[in-house]
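The figures here come from the full heavy-atom set of this structure, side chains too, leaving out hydrogens, waters and symmetry mates.
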Amino acid sequence: LHLTSTDLVMGSRRCRICRMARVARADLARLDLGAEAAPLFAELSGRLLRPIDRLIDGCASCAPEKCEVQYMDTGVMSGAPSPNNCEVRCNAELEEGKASPGAQMSLDYGEVEESDTSKQLLRGYLQGAYLTIAAGIIITCYYFHLFDPMSDLGVPSPLQCRSSFLRYNTEIGGMDCGLWGQECLPSNEWMPIRCPALCGYGLNDPIDTRVIGSSIYRADSRLCLAAWHAGFIKWGGGCVDVRITDGRSTFEAERKNGIDSLAFNSWFPFGLEFRESSGARNCRYDQTPTLLVVNILLLVGFLSLRPRRRVFFWSMITSLWWYCALISPMNNRSIGMCFAYFGRFAYFVLGGEVLLWQVGHAKRTFPDTSNSSSFLHVILIELMPLIATLHWHFLSIFASYSINGALFQSWEGPMAFLVGFVVLLPMVLGVLRDWYRAKLLTWLFRQVLSFAMLIVVLTLIFSTSGWGLHLHHYFIGLFCYIASRGRSTCSALSRALCLGALINGLAFWGETYEVPIWAEGAGWYPPSGNVDMSAFGNYDQVIFTAAERVNESDDILLRWAFVKDLGSSNCSLDSLDVQDGSIFVVEMNHIEIYRGSARSLRFQPNATRFGRGANGSATPLYVRVGRIGQGLARQVISASQVLALQYGSPSQSALTWPYDSTVDDCKKATTIFQQPEWTLDGYV
């Protein structure tokens, strides 16, 4: 046997790591084996369940008596046993010893003994039957509440609160209507849609609300919010008919039904018109609280049968996961989508068994539900707090709760989390006390600090490549659930709150098979969804280099180039011959008016669409240019700033601020880039 010094060192390190792991497991076991807190209202719980226990005991005792058929010796040679010389004696008589000592045979007609085994067997049958009936009840309620809407125009399309028509996407290069919108002509066909509840609440930012206009709305408006603004749906949601109609030269802002709409002071070719949906039934979502109450009552009823802790734990999680998933903003709320959700639920069950039941030690810390004394304790400590954080999404009514770089851009975000921390401080101290009693508080702090430092370092590294921190609340819920490992009431309450946040994040918002910590965005900041529109900071950025009228006519000439082209051409783009295969798209008021490789465009807005304003004043219009990527998606990868032009007054310049068309291209580009902010006041 030849051992080198390196082998000895590596073996020693492995042994040290193994010892540290064994010590850590042994230390954590002290948390699990500590004194369990006495159940709340234990005596009252026993009294409440006593009638059910007596009923089960009575049913278990309703069994045939133990009887014997005995041969009676009469002293007369009567031959084989017969009804004449036999007697049946049952439990009471056998116990009193009344059976004849001359019995010659015994036939056992069957027996069911009154024992704990028979009671447990009966409880198991009752629990199985209860779960079957409860599943049938809740599935029926879900079906008629969520999946059976109808109107005279047919089955309405289910939408989210912020849904809009994708083909009218106003992100640059996103509209799918062809040049000048010719492929999206207005239609007189009405379409039924179904909107969820509470769409009009928690709207803190009109830009995010994105309802543009009043009565007739711009076609890229959010459909359900626009229908709420028009007064056709209320807090319970419902069905409404919508159609694409002719656009308007301007869209006015108005506050109606608690929603502030936005104004757009220029032309857009398509509008939205709403009307009340006739013959609508099963459209509203105002019975969603009833579904929650039904789930709670069914769980409490199942708990009264005293199931095993594992059975009730997973019954509770399954019921509330599906409740949260079915009230979530599904892309297409249908029976087929529910079957697709089974895959997401399967991932959750697999992860929950490992991370909650095993690693989180719910198998030890969850109360023994087969004990009648824990009935009220489970309801008050395990179920009700879970239901509170199961509706975590309602926090968006008051403020954003996203944990990302944007949280630190203003004082409101950190203050909201600080207030929440102060409210939960007593519970946090209770959890830390369990770790302190197990002499593991220092170890816990070291692990949390190491994990936090790792996240900070990786975030700083990823921010250099356009990735930012985004801690989903279900990730934090899982982490805190595992950390709340003690046996005290505070730890149990913490686990319940964290479990609700975990289920909400996975079922309502996120994907079970993804636990992201970072998301693509502008470095430390969260993803904005906007295209990079910086001007002179990037040599590959496309910018406008000219915006002029042609020969005092209504024609407008636009020129654009890359920042690097200005330097390579010595500020004279006319002398530059570029053949790099770049494809550009030019939009006016979000409508595509050009797509090709040229770097200039001369166009004339349609006079019937862009008339003169009051007193012959010019009408504003908004243009921008973007560069198309070379990949299969063919999306815009960079775009210029939005440029405000004026149309309708030939004597005026195309721009509303001083612009000299006789200077070189670098000075023109600089003048355009210095566009005053007020010129975009009417732009949405």
Next item on the list: Write out all pairs satisfying side-chain hydrogen bond (donor to acceptor under 3.5 Å, both in side chains) with one or both partners inside residues 128-141, taking only residues at least two apart or from two chains.
Entry: none
Give a yes or no on whether the backbone of [Y] and the side-chain of [X] come within a donor-acceptor separation of less than 3.5 Å.
| X | Y | answer |
| --- | --- | --- |
| D148 | Y143 | no |
| N504 | L390 | yes |
| S164 | R222 | no |
| S374 | D368 | yes |
| T369 | R309 | yes |

Checklist line | Lys/Arg-Asp/Glu bridge criterion (N-O < 4.0 Å) met for E353, K363 | finding: no
As an exercise, state the distance from [atom1] of [X] to [atom2] of [Y], rounded to the nearest 0.5 Å.
| X | Y | atom1 | atom2 | value |
| --- | --- | --- | --- | --- |
| L429 | R433 | CG | CZ | 9.5 Å |
| I52 | R123 | CD1 | CZ | 8.5 Å |
| D53 | R306 | CG | CZ | 4.5 Å |
| F313 | L499 | CZ | CG | 5.5 Å |
| E43 | S372 | CD | OG | 11.0 Å |
| R495 | M427 | CZ | CE | 11.0 Å |

Margin query: Please evaluate residues R487 and D434 with respect to the criterion salt bridge (Lys or Arg N to Asp or Glu O under 4.0 Å), reporting the C-alpha separation (whole Å), side-chain torsions for both, the decisive distance (0.1 Å), and the verdict.
Written below: CA-CA 8 Å; R487 305 296 293 271; D434 290 345; over 6 Å; no
Checklist line | Residues forming a ring-ring contact (aromatic ring centres under 6.0 Å, His included) with Y481, sequence neighbours excluded | finding: none
Under a 4.5 Å cut-off applied to non-hydrogen side-chain atoms, are [X] and [Y] in contact?
| X | Y | result |
| --- | --- | --- |
| F348 | I317 | yes |
| F312 | Q127 | no |
| T442 | W435 | no |
| L40 | L376 | no |
| T288 | Y323 | yes |
| V359 | I482 | yes |
| W228 | V211 | no |
| L380 | F41 | yes |

Item checked: Verdict with supporting geometry, I327 and L292, side-chain contact (heavy atoms from CB on, under 4.5 Å) -> CA-CA 10 Å; I327 68 169; L292 177 62; over 6 Å; no
Item checked: Evaluation steps, side-chain hydrogen bond (donor to acceptor under 3.5 Å, both in side chains), between S45 and H377 -> CA-CA 8 Å; S45 298; H377 180 88; over 6 Å; no
Next item on the list: Using the six-membered ring wherever Trp is involved, compare the ring planes of Y341 and W322 and label them parallel, tilted or perpendicular (cut-offs 30° and 60°).
Entry: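 Plane angle between 30° and 60°, so tilted.
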[X] to [Y] - nearest heavy-atom pair and separation:
| X | Y | result |
| --- | --- | --- |
| I503 | L320 | CG2-O, 4.2 Å |
| L493 | I381 | N-CG2, 3.9 Å |
| C161 | P196 | SG-CG, 3.5 Å |
| E382 | M316 | O-SD, 4.5 Å |

Check: Can you tell me if the gamma sulfurs of C224 and C195 fall under 2.5 Å?
Finding: yes
Next item on the list: For T365 and S491, run side-chain contact (heavy atoms from CB on, under 4.5 Å): C-alpha distance rounded to whole Å, both residues' side-chain angles, the deciding distance at 0.1 Å, then the answer.
Entry: CA-CA 9 Å; T365 57; S491 294; over 6 Å; no
Item checked: side-chain contact (heavy atoms from CB on, under 4.5 Å) assessment of W321 paired with V349 -> CA-CA 10 Å; W321 190 97; V349 171; over 6 Å; no
Taking only distance into account, with no hydrogens and no angle test, what donor-acceptor pairs under 3.5 Å do side-chain atoms of residues 293-305 form with protein atoms, sequence neighbours excluded?
from	atom 1	to	atom 2	distance (Å)
N295	OD1	S319	OG	2.6
N295	ND2	Y142	OH	3.1
N295	ND2	L291	O	2.8
S304	OG	G301	O	2.5

Notebook entry, point to check: Are more than 12 heavy atoms from other residues, nucleotides or ligands located less than 6.0 Å from atom CZ of R310?
Noted result: yes
Notebook entry, point to check: Going through the distances and angles, do D57 and K119 end up as a side-chain contact (heavy atoms from CB on, under 4.5 Å)?
Noted result: CA-CA 7 Å; D57 292 344; K119 293 179 184 179; 3.3 Å; yes
